[in-house]
Amino acid sequence: MTSPRAEFTPHMEHYTFVLEDQPYLGYFQYGNEKTPVYTTDRHGFRVTPGPGGLRATVGDDRPDVPVRVLAGSSAVFGVGATGDAATIGARLWNAHAPRLPWLNIAGQSHNSAQELLLFTLFQHELPPVEDIVLLSGVNNLVLSRLPEEKQGRHGAFFDCGPAPDVVPPPDQRVAHATELTIRHLGGWKRLADALGARLVFALQPLAPWVREEPLPREQLLFEELDEVSNFRRFHNDISTMAVGRAYADRLAAGCARLDVPFLDLNVALAEAAGPKDWLFIDRVHCTDLGYDLVARQLADRLDLV
């Protein structure tokens, strides 16, 4: 019998999550990759296709104009999209905020420290930057399950040790993830100010923070993934609407202290999506429609044109 994942999302077999060991970053996408669903430039950043056959990348070709940056982790990279043209950045450039090219500056399975470091290491490659949209927050909360000795001074990272049998309570996890996210956002703010760029922060959508009940197709996909992963076991406590809203409230307060506009994409996506819209391939990554709706909400609610 064909599995739901093979039936509904056959393109996911091309997202292998095989990453290259990288100094300082830990791991990153391989450069010059060309698969049926994604393309990377010489550094490993995903290519953003634009109107009229244009492309925008960090390390290769792009129009000779100022750019906008979309930064984050695997959702910004576009895991789940059926092609480069279906990523959030591509939908912004081609449809919802097309005035300038969008650069995809994202590494898979990165926490907020790695996201900041990635931008810092490659900022010398960039032309003038007008806007930086940081779409993040989920990975820090996921990693908050790890014990204190794995957190260090700057937060735990993926694959730094086995998953524990006992995890901190949700309120403690939310407080820890918020502190790290806002601390590193302060670094983004200083960089953005120095570059003369506008910085905004958007809390990445997580399926149970958008809808309390997934669509039947989403439920089948989630159940299949739960058989081979520990997401439900270790993150069931944070996979509630109440925790999502509490986390958003804390992040919003931190953003306000830094004078950084904040958007909870969970609320925005819930309001924008129709009741039968298939949004999620897994709890963290979206379908093409989901990513298009995310791009539209970013443009409309953060005044991007």
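All residue numbers refer to positions in the sequence shown, counting from 1. Computed from a predicted model, the values in this text were never measured in an experiment.
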Are His14 and Pro36 packed together at the side-chain level, in the sense that at least one heavy-atom pair is separated by less than 4.5 angstrom?
yes

Which residues pass the side chain to side chain donor-acceptor pair (under 3.5 Å) test with Thr9, sequence neighbours left out?
none

Side-chain contact test, heavy atoms from C-beta onward, threshold under 4.5 Å: evaluate it for Leu203 versus Tyr247 and give yes or no.
yes

Hey, does Asn111 have a side-chain heavy atom less than 4.5 Å from the side chain of Leu180?
no

Which residue pairs pass the salt bridge (charged side-chain N to carboxylate O under 4.0 Å, His left out) test when at least one of the two sits in residues 97-120, sequence neighbours left out?
Arg99-Glu130

Looking at residues at least two apart in the chain, or sitting in another chain, which of them share a side chain to side chain donor-acceptor pair (under 3.5 Å) with Glu179?
Arg183

Is the shortest side-chain heavy-atom distance between Leu298 and Leu265 below 4.5 Å?
yes

Distance-only polar pair, side chains of Ser73 and Asn139, donor-acceptor under 3.5 Å:
yes

Sequence neighbours excluded, which residues qualify as salt bridge (charged side-chain N to carboxylate O under 4.0 Å, His left out) partners of Asp300?
none

Test ring pair (Phe, Tyr, Trp, His ring centres under 6.0 Å) applied to Phe157 - qualifying residues, sequence neighbours left out
none

Which residues pass the ring pair (Phe, Tyr, Trp, His ring centres under 6.0 Å) test with Phe122, sequence neighbours left out?
His43, Phe45

I want to check something: taking the side chain as every heavy atom from C-beta on, are Asp131 and Val69 in contact at a cut-off of under 4.5 Å?
no

Measure across Phe28 and Gln22 and return the closest heavy-atom pair with its distance rounded to 0.1 Å.
CB-CG, 3.5 Å

Can you pull the salt bridge (charged side-chain N to carboxylate O under 4.0 Å, His left out) pairs that have at least one residue in residues 82-98, sequence neighbours excluded?
Arg46-Asp84, Arg91-Asp292

Are any of the side-chain heavy atoms of Arg68 and Pro101 separated by less than 4.5 Å?
no

Ignoring hydrogens, what is the shortest heavy-atom contact between Pro170 and Val243? Give both atom names and the distance.
CB-CG2, 4.1 Å

Taking only Lys NZ, Arg NE, NH1 and NH2, and the carboxylate oxygens of Asp or Glu, determine whether Arg245 and Asp249 approach each other closer than 4.0 Å.
no

Can you name the ring pair (Phe, Tyr, Trp, His ring centres under 6.0 Å) partners of Trp102, sequence neighbours left out?
none

Exercise: identify the closest heavy-atom pair between Ile88 and Ala75:
CD1-O, 4.0 Å

Report yes or no: do Glu33 and Gln29 form a side-chain donor-acceptor pair below 3.5 Å?
no

Arg173-Ser144 side chain donor-acceptor pair, cut-off 3.5 Å:
yes

List the residues meeting salt bridge (charged side-chain N to carboxylate O under 4.0 Å, His left out) with Arg211, not counting sequence neighbours, and say none if there are none.
Glu218

Around Glu148, counting heavy atoms of other residues, nucleotides and ligands shown, do more than 12 lie under 6.0 Å from its CD?
no

Please evaluate residues Arg250 and Val174 with respect to the criterion side chain to side chain contact (heavy atoms under 4.5 Å, CB included), reporting the C-alpha separation (whole Å), side-chain torsions for both, the decisive distance (0.1 Å), and the verdict.
CA-CA 8 Å; Arg250 281 178 172 260; Val174 166; 3.4 Å; yes

Identified side-chain contact (heavy atoms from CB on, under 4.5 Å) counterpart of Thr287 within the set Trp278, Phe280, Phe8
Trp278

Under the rule for side chain to side chain donor-acceptor pair (under 3.5 Å), what residues qualify as partners of Glu271, not counting sequence neighbours?
Arg301

Which pairs count as salt bridge (charged side-chain N to carboxylate O under 4.0 Å, His left out) when at least one residue sits in residues 6-17, sequence neighbours excluded?
none

Are more than 12 heavy atoms from other residues, nucleotides or ligands located less than 6.0 Å from atom NE2 of His154?
no

Flag side-chain contact, heavy atom, 4.5 Å: Ile182 against Leu251
yes

Looking at every non-hydrogen atom in both residues, tell me the closest pair between Asn104 and Val58 and how far apart they are.
O-CG2, 4.3 Å

If the plane angle is over 60° it's perpendicular, under 30° parallel, otherwise tilted; pick one for Tyr38 and Phe77.
perpendicular

So, for Phe201 and Val260, which heavy atoms are closest and what is the spacing to 0.1 Å?
N-CG1, 3.8 Å

Determine whether the side chains of Ser136 and Gln204 contain a donor N or O and an acceptor N or O closer than 3.5 Å.
no

Test: salt bridge (charged side-chain N to carboxylate O under 4.0 Å, His left out). Region: residues 251-264. Which pairs qualify, not counting sequence neighbours?
none

